[in-house]
2 protein chains.
Amino acid sequence: MSIDKDLFKLKPIAYTTMADQVENHLREYIIKRSIKPGDPIPKETEIAQALGVSRNVVREALSRLRMLGMIESRKKRGMILTQPDVMKGLELIIHPTILDENVRKQLFELRLVLEVGLGDLLFRRKTEEHLKKLDAIVEREHKATTQIERIRCEVDFHSTLYEMAGNETLKRFQDILMPVFEYVVEYESKLDHTSVGSVTHADLVKILYSNNAEAYPNAMRKHLMPHLDHL
Amino acid sequence: MSIDKDLFKLKPIAYTTMADQVENHLREYIIKRSIKPGDPIPKETEIAQALGVSRNVVREALSRLRMLGMIESRKKRGMILTQPDVMKGLELIIHPTILDENVRKQLFELRLVLEVGLGDLLFRRKTEEHLKKLDAIVEREHKATTQIERIRCEVDFHSTLYEMAGNETLKRFQDILMPVFEYVVEYESKLDHTSVGSVTHADLVKILYSNNAEAYPNAMRKHLMPHLDHL
DNA sequence: TAGTTCAATATGTAATACTTAATAGAAATT
DNA sequence: AATTTCTATTAAGTATTACATATTGAACTA
């Protein structure tokens, strides 16, 4: 009685719930009608009736979009489309403890890639205040006595770079990724942070003071070399 | 009759719904109990009873986590935690038409940063096949007669670089971002793509064939210069 | 032992009712 | 007439109940 098994090869029928479908319908609706932030979208009951599903299902779909910051709802006023924070979705998922080792490693690589490539944004947007801030961090680092303090300087230094880049999305990206890297801290704590590689933080600042954008990428590469070698 | 306006400064009371609270509870629950992918989580009714809310509300919260790929549910079997795709959340939000101009620009900058910083991953993970693939693209590009074909080569070339980097998360990031850049295509179509800057695709391939990792970042910078200058 | 039937179970969906907050419009006050 | 206050309405938030559906595992049959 064994039935041809080939029939079942495709078995895992991508099962979509009503809520999934409603969600997709809403996305399409928003896109096709080119609804803009601030514009209202139909009432829950209207959607439910239009799609022939229970209000319950509609609410599940809306709840998802609301979580992503795509819509906001006020009682009576109904719901309006909002300009979502593009990095919101990332923030909702990324929590160090539920990420597997492999992904964390990939995110760390991503960070290295970003920092090496950051140069042009930095040179175009650096200000006196930023450079002074970096100076201060470098000095704090030199005076630091404890390892904890040194690591804090390390984090501050690199965070300041992202700030200097003047790209809100990029900064946000970094802020979200940051906690993931804490697992690296143990390893890092064994290194000398003022000069992770042969290029020190002070060296990097010096380059930033200059207008030599060409020098930046390879300087940062050398600074991060111990990490890069670890790939 | 004007009342002290300071009273209303904090007015926008961060209103959280029950679903929001349940969602947070679930996140905490998962983290604190360090539940791993594959492990089961409580039944809907159990959660509802434990938190003293209706099953409806619980389902909204679960629906959100399910969308992000954090949990999966099967009838009867209950729900299990899954290893989420970290980039899923990003994918759900990023749709070119609902992103405002400013954010799109920031994402484009992000792309430039990535490509300049990509070098070390490329040199560590390049294979003969990858290099051959790039060669083929360059050749196709030279032979191309239409602008459409040339743009396709441009996209293929840079996509292949991300592929070469051997970082699944990074590649996925790029794939998600890609559609956002289509708006740049119009502008790009006016440029000569074999040599966007003074450095051509062929030049980049030559560098990749060599083992001169130092040369890569500035070569890519020059290649992307027209875009960088546009910042 | 193998295969079938069947009950138990947990999610998915529907329907209904009620609560709550915000709004608009009517009514009342100045 | 202009402003404030009440009131009804509206739409989202929550709760409850009921039923559908698919999956599991145990009981049953051949």
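Throughout, protein chains are lettered first and strands after them, A, B, ... in sequence-line order, and every chain is numbered starting at 1.
The distance between atom CZ of B:Arg66 and atom C1' of C:dT13, rounded to the nearest whole Å, is 13 Å. As a whole-Å value, the separation of A:Asp20 CG from C:dT11 P is 16 Å. Taking atom CD of residue A:Glu72 and atom P of nucleotide D:dA12, one finds them 14 Å apart after rounding to whole Å. Between the CD1 atom of B:Ile80 and the C1' atom of D:dT23 there is a distance of 14 Å, given to the nearest Å. Note: CE (A:Met18) to C1' (D:dT21) measures 12 Å, nearest angstrom. Here D:dA12 presents its P atom at 9 Å from CD1 of A:Ile41, a figure rounded to the nearest Å. One can place CE of B:Met79 at 14 Å from C1' of C:dT9, the figure rounded to the nearest angstrom.
Between B:Ser54 and D:dT14 there is no side-chain N or O to OP1 or OP2 distance below 4.0 Å. Distances shorter than 4.0 Å separate some side-chain N or O of A:Arg59 from OP1 or OP2 on D:dG13. Residue A:Arg74 places no side-chain N or O under 4.0 Å from the OP1 or OP2 atom of D:dA11. A close approach under 4.0 Å does not occur between any side-chain nitrogen or oxygen of B:Arg55 and OP1 or OP2 of C:dA14. Within the structure, every side-chain polar atom (N or O) of A:Thr45 is placed at least 4.0 Å from both OP1 and OP2 of D:dA11.
Checking D:dG13, C:dT11, C:dT9 against every side-chain atom of B:Tyr15, the shortest atom distance belongs to D:dG13. When distances run from any side-chain atom of B:Lys75 to the nucleotides C:dT13, D:dT16, C:dG12, the shortest one goes to C:dG12. Side chain of B:Lys43, nearest nucleotide from D:dG13, D:dT14, C:dT11: C:dT11. The side chain of B:Thr17 approaches D:dG13 more closely than any other nucleotide in the set C:dT9, D:dG13, D:dA11. In the set D:dG13, D:dT9, D:dA15, D:dG13 carries the atom at the smallest distance from any side-chain atom of A:Ser73.
Comment: B:Asp175 engages B:Lys171 in a salt bridge, judged by a side-chain N to carboxylate O separation of less than 4.0 angstrom. Ionic pairing of B:Lys36 and A:Asp100 is not present here: no N-O contact between side-chain nitrogen and carboxylate oxygen is shorter than 4.0 angstrom. Taking 4.0 Å as the cut-off between side-chain N and carboxylate O, A:Arg125 and B:Glu109 count as a salt-bridged pair. The pair B:Arg172-B:Glu168 fails the salt-bridge criterion, with no side-chain N (NZ, NE, NH1 or NH2) lying under 4.0 Å from an Asp/Glu carboxylate O.
Projected onto DNA chain C by closest heavy-atom contact, B:Glu44 and A:Val53 fall at different nucleotides, the more 5' of which corresponds to B:Glu44. Heavy-atom nearest nucleotides on DNA chain C were determined for A:Asn56 and for A:Lys76, and the one closer to the 5' end corresponds to A:Asn56.
Across all their heavy atoms, B:Ile35 and B:Leu81 have their closest contact at O-CD2, 3.2 Å.
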